[in-house]
Amino acid sequence: MPLTNDNQMIADSSFYLCFLEDIKRPDVLISVLNKFELFIPPLVCREISVSSNFNSIQTHPKLTRYNGTFGEALRPFFSEKQVQKGETEVIGLAYDFFIKGNPKMLVLDDRQARSFVQRHLPGLQKLLTGTIGFVGDCYCKYAIFEKDYTLSLVMLICNSPFRVPKDVISEVLDKINNSSG
């Protein structure tokens, strides 16, 4: 996997909540944690800890809680809701790792947060994906899931409360169907 160290990533709360709440499949998240180390900043941890399924992942050895206030400098660029959800912490932590020469994959679903990274932090753009794109990559790049299982996960997410544009769903389904894994 290019650019990242040892399959490490930082994700926003929607990534975790997709599996813990929207599709109620913490086992999928555990499969991801078995392959990737996930760094989780305080606000994201606080937001996902309200999930009744959080207990199934909270002690996983590859879920690394990362303390600090990495997003304070970004506060003026985001709504209060985005700050409370931890988008600024996720971007700030990803940037901190990046400038120290230790880049991590970045999973962001919020459109404004993604746009901010694309406009202002081009180095992080190469590391950026969304939850549904990452699920597709779990088959296409990382061989975590089988093809049919990945297709069923994408459809499960598509039919859940998780919000993802239909064109993104179509793009990921095409990618999965056209990949040999």
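Residues: numbered from 1 along the sequence shown. None of the values given here were measured: they were computed from a predicted structure. For the numbers below, each heavy atom of this structure counts, side chains included, while hydrogens, waters and symmetry mates do not.
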Hey, is Lys100 close enough to Asp96 for a salt bridge, meaning N to O under 4.0 Å? yes
Classify the angle between the aromatic ring planes of Phe39 and Phe97 as parallel (below 30°), tilted (30 to 60°) or perpendicular (above 60°). tilted
Return the orientation label for the His120 and Phe116 ring planes: parallel under 30°, perpendicular over 60°, tilted otherwise. tilted
Check: [X] side chain, [Y] main-chain N or O, donor-acceptor pair, under 3.5 Å:
X      : Y      : result
Lys24  : Glu21  : yes
Ser115 : Gln112 : no
Ser160 : Ile157 : yes
Glu37  : Gln8   : no

Side-chain heavy atoms of Ile176 within contact of Cys140, under 4.5 Å: yes
So for atom CD, which belongs to Gln118, do other residues, nucleotides or ligands contribute more than 12 heavy atoms lying within a distance under 6.0 Å? yes
Can you give the donor-acceptor pairs under 3.5 Å from side chains of residues 128-137 to other protein atoms, not counting sequence neighbours?
from: Thr131; atom 1: OG1; to: Asp109; atom 2: OD1; distance (Å): 3.4
from: Thr131; atom 1: OG1; to: Asp109; atom 2: OD2; distance (Å): 2.5
from: Asp137; atom 1: OD1; to: Lys175; atom 2: NZ; distance (Å): 2.6

Can you list every pair that meets ring-ring contact (aromatic ring centres under 6.0 Å, His included) and has a residue in residues 146-181, with sequence neighbours left out? Phe145-Tyr149
Got a sec, which residues hit salt bridge (Lys or Arg N to Asp or Glu O under 4.0 Å) with Asp27, two or more places apart in sequence or on another chain? Arg25
